[in-house]
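Below: the structure, in structure tokens.
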Amino acid sequence: MTGLICYCRQGFEPELAAELTERAALASLPGYAKAGRNDGYAVLVGEDGEALQRALSWRDLIFARQSLRMIAELRGLDPKDRITPMLEALGGGGRFGDLWVEHPDSDVAKPLAGLARSFGNALRPALRKRGLLTDKENLRLPRLHVVFVDGDHAFLASSVPGDSAPWPLGIPRLKLLPDAPSRSALKLEEALLSLLDAEERSALLKPGMTAADLGAAPGGWTWVLTRHHLRVTSVDNGPLRQHVMDTGLVEHLRADGFHWKPAQRLDWMVCDMVEQPRRVAERMATWFREGWCRHAIFNLKLPMKKRWDETRLCLDLFEEQSGKSLTVRAKQLYHDREEITVFATSR
Ligand code: SAM
């Protein structure tokens with residue numbers, strides 16, 4: 001079996017499967033997606049795994065926390081010796097720069113964390129003995145993933161370090177700092193890590209830049225921006241935490257985020273207002289059409305049903321109505337629940 005295996009938030013397998021199928025079709029690559037309810041992953045079966053991996057880049061996928069090229073699916077593994085069939089499946093071919101033994105982030109697979117850890121310690125030397133794994137991590141070579149979905153059922157897969165999530169399980173381990181005004185701060189931090197690359201982060205987030213934060217209270221996103229030394233206009237009828245105001249970088253406006261506009265062009269606009277996604281997408285488009293900001297990060301809350309359709313519709317509507325040529329990337333982040341986060345920048 002060739003194709004891709006991608007991880008997602010538990011419960012979003014149908015959205016991930018729909019996205020993979022649609023994107024494979026758009027790339028004119030035959031493939032069909034399979035996903036089980038609450039499995040925390042989906043598989044895209046296709047003829048040419050390498051072409052699918054190239055065409056369906058992790059960065060472009062919205063519902064995939066991680067995207068891996070399948071090497072083999074192994075069922076009925078004997079708990080006494082899971083290594084031999086894996087070495088056989090690898091067939092002596094390929095050399096890997098790292099090994100990650102993982103499991104999907106689902107209720108059923110989470111208890112496999114202990115097995116994944118101990119199995120990694122046993123497999124690593126066996127791979128090295130056969131020259132399949134480098135002694136030290138090498139980011140120029142593909143990474144080998146063993147994905148346990150059950151004690152006797154695993155996938156072997158590979159990823160390209162530059163085009164895959166750089167975190168095991170596709171989950172960045174971010175720590176909520178004690179002075180963060182809200183857990184939401186983690187969403188913006190993760191968005192900056194997942195949706196921008198290192199070069200973009202240093203070019204687009206510079207001290208003295210200006211930003212608006214729509215729906216800012218109690219101030220988590222504003223606080224993240226001030227930590228990058230941006231000057232922020234925070235729009236919300238609710239109060240902001242005093243220590244955020246005390247940075248001296250923040251102006252708080254009690255106004256409606258759907259009507260307020262800046263007096264002059266800002267570098268950034270971020271928006272975490274809980275509202276109908278189409279209404280948010282339209283307002284975000286207005287900001288770009290009118291040239292009120294250069295870059296934006298905003299959330300789109302997803303409905304209960306037809307979530308993939310609504311995602312496509314809102315992103316299409318946003319791009320069309322912005323009237324600009326934009327780079328747009330969207331992801332359901334680890335810290336997102338029933339929502340996705342979008343990064344847009346004028347080209
Ligand atoms: N990003 C914030 C943080 O990190 O602390 C949390 C934002 S909270 C999820 C949503 C906020 O949007 C609420 O404080 C609410 O008052 C605000 N909001 C909702 N509709 C709004 C509107 N039309 N104008 C301004 N703020 C709005």
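Numbering of ligands and ligand atoms starts at 1, following listing order. These values consider heavy atoms only, across backbone and side chains, with no hydrogens, waters or symmetry-generated copies. Numbers here simply count residues along the sequence, with the first being 1.
- Among protein heavy atoms, atom 24 (N) of ligand 1 sits closest to G257 N, 2.8 Å.
- Taking a cut-off of under 4.0 Å to the non-hydrogen atoms of A255, the atoms of ligand 1 that pass are 24 (N), 25 (C).
- Looking from atom 11 (C) of ligand 1 to the surrounding protein, the closest heavy atom is D236 OD2, 3.5 Å.
- Between the side chain of K331 and the backbone N or O of L61 there is at least one donor-acceptor pair closer than 3.5 Å.
- For the ligand labelled ligand 1, residue N237 lies outside the 4.0 Å heavy-atom shell.
- In this structure, of A217, A185, G220, the residue bringing a heavy atom nearest to atom 6 (C) of ligand 1 is A217.
- Here the protein heavy atom with the shortest distance to atom 12 (O) of ligand 1 is G215 CA, 3.4 Å.
- For the pair R307 and F12, the cation-pi test (distance below 6.0 Å, angle within 45°) is passed.
- Taking every heavy atom of A216 and a limit of under 4.0 angstrom, the matching atoms of ligand 1 come to 2 (C), 3 (C), 5 (O).
- The distance between the ring centers of F298 and F318 falls below 6.0 angstrom.
- Heavy atoms from other residues, nucleotides or ligands lying under 6.0 Å from CD of Q276 number 12 at most.
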Can you give each donor-acceptor pair under 3.5 Å made by side-chain atoms of residues 210-220, sequence neighbours left out, with the distance rounded to 0.1 Å?
unit_1 : atom_1 : unit_2 : atom_2 : d
T210   : OG1    : D267   : N      : 3.2
T210   : OG1    : D267   : OD2    : 3.3
D213   : OD2    : T222   : N      : 3.1
D213   : OD2    : T222   : OG1    : 2.6

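- Closest to atom 1 (N) of ligand 1 among all protein heavy atoms lies D272 OD2, 2.8 Å.
- Note on ring orientation: taking the six-membered ring where Trp is involved, the planes of W287 and W292 are perpendicular (angle over 60°, cut-offs 30° and 60°).
- Within ligand 1, counting atoms from 1 as listed, the ones closer than 4.0 Å to a heavy atom of P218 are 5 (O).
- Side-chain N or O atoms of W268 include none that pairs as donor or acceptor with a backbone N or O of V232 at under 3.5 Å.
- Under the 6.0 Å distance and 45° angle rule, R143 does not count as a cation-pi partner of F96.
- Taking a 4.0 Å cut-off on heavy atoms, M273 registers as neighbouring ligand 1.
- The shortest N or O to N or O distance between F258 and ligand 1 is not under 3.5 Å.
- Within the 4.0 Å heavy-atom criterion, neither part of P181 lies near ligand 1.
- Listed by number with element, the atoms of ligand 1 under 4.0 Å from a non-hydrogen atom of G219 are 5 (O).
- Remark: ligand 1 atoms within the under-4.0 Å shell around heavy atoms of S184 are 3 (C), 4 (O), 6 (C).
- Under a 4.0 Å N-O distance rule, the pair D105/R65 qualifies as a salt bridge.
- Of all heavy-atom pairs between A154 and L77, the closest is CB-CD1, 3.9 Å.
- Using a 4.0 Å cut-off to heavy atoms of D256, the atoms of ligand 1 that qualify are 22 (C), 23 (N), 24 (N).
- Within the 4.0 Å heavy-atom criterion, the part of S182 lying near ligand 1 is the side chain and not the backbone.
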